[in-house]
Amino acid sequence: MKKDRFEELKKQLLARIDTKDLLEVKKVNDLIRLHELDAECDKVIDRDGVSIVIENGSQKFIKSHPSMNEKMKINAQKIALEKSIKFKLKTMPAPAAPSTVEGKPKRGSLI
């Protein structure tokens, strides 16, 4: 994600919280930082691949890229942080009246 996309995401998140609550603002800033770190891990993985070759003297073996583990940790932190943010509830429009067919109420599906 490009830097301007993170700024747009930050604006959207800030619009959905009480910006007078400094703790919630900090949570949004932390969440954006985690998204930036996740994007950095993606760049490194794209550059190096998902697995790397380790050479230890005459031994040579393949293991997963260390950034893969970091991505999993970052993802867990993002999920926990998103759950802790107190988002404002959006007001939902009232449901529309049920449609009718020839003046009779429409029957619903049995499924």
Undergrad: Is E40 salt-bridged to K43, going by a charged N under 4.0 Å from an acidic O?
TA: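 Result for this pair is yes, salt bridge flagged.
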Undergrad: Hey, could you give me the CD/CG distance between E36 and L34, rounded to the nearest 0.5 Å?
TA: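 These two atoms lie 9.5 Å from each other.
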Undergrad: What's the separation between atom NZ in K63 and atom CE in M68, rounded to the nearest 0.5 Å?
TA: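 These two atoms lie 13.0 Å from each other.
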Undergrad: Are the charged groups of K27 and E24 less than 4.0 angstrom apart, N to O?
TA: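 E24 and K27: salt-bridged.
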Undergrad: Answer yes or no: does atom NZ of K88 have more than 12 heavy-atom neighbours from other residues, nucleotides or ligands under 6.0 Å?
TA: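 More than 12 heavy atoms, drawn from other residues, nucleotides or ligands, come within 6.0 Å of this atom.
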Undergrad: Let me have the donor-acceptor pairs involving side chains of residues 13-23, under 3.5 Å, with sequence neighbours excluded, atom names and distances please.
TA:
{"from": "D18", "atom 1": "OD1", "to": "K20", "atom 2": "N", "distance (Å)": "3.2"}
{"from": "D21", "atom 1": "OD1", "to": "L23", "atom 2": "N", "distance (Å)": "3.2"}

Undergrad: Any chance you could measure S84, atom OG, to K86, atom NZ, to the nearest 0.5 Å?
TA: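 Going from the OG atom of S84 to the NZ atom of K86 covers 9.0 Å.
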Undergrad: As an exercise, state the distance from CZ of R33 to CD1 of I74, rounded to the nearest 0.5 Å.
TA: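 Spacing of CZ (R33) from CD1 (I74) equals 9.0 Å.
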Undergrad: Looking at every heavy atom in both F87 and E82, which two are closest together, and how far apart are they?
TA: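 Between these two residues, the closest heavy atoms are CE1-O, 3.9 Å.
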Undergrad: Quick one: pull up CD1 in I32 and NE2 in H35 and give me the separation to the nearest 0.5 Å.
TA: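 Output value for this atom pair is 6.0 Å.
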Undergrad: When you compare the side chain of I54 with that of Q59, does any pair of heavy atoms fall below 4.5 Å?
TA: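 They are not in side-chain contact.
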Undergrad: Could you see if L9 belongs to whatever hydrophobic cluster contains L81? Use Ile, Leu, Val, Met, Phe, Trp, Tyr and a side-chain cutoff under 4.5 Å.
TA: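 Yes, it is one cluster - the side chains of L9 and L81 are joined through contacts under 4.5 Å.
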Undergrad: To the closest 0.5 Å, what do you measure between CG (D30) and NZ (K78)?
TA: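 Answer rounded to 0.5 Å: 13.5 Å.
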Undergrad: Would you say that V44 contacts P66 through its side chain, given a criterion of any heavy-atom pair below 4.5 Å between the two side chains?
TA: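 Side chain of V44 against side chain of P66, heavy atoms only: no contact under 4.5 Å found.
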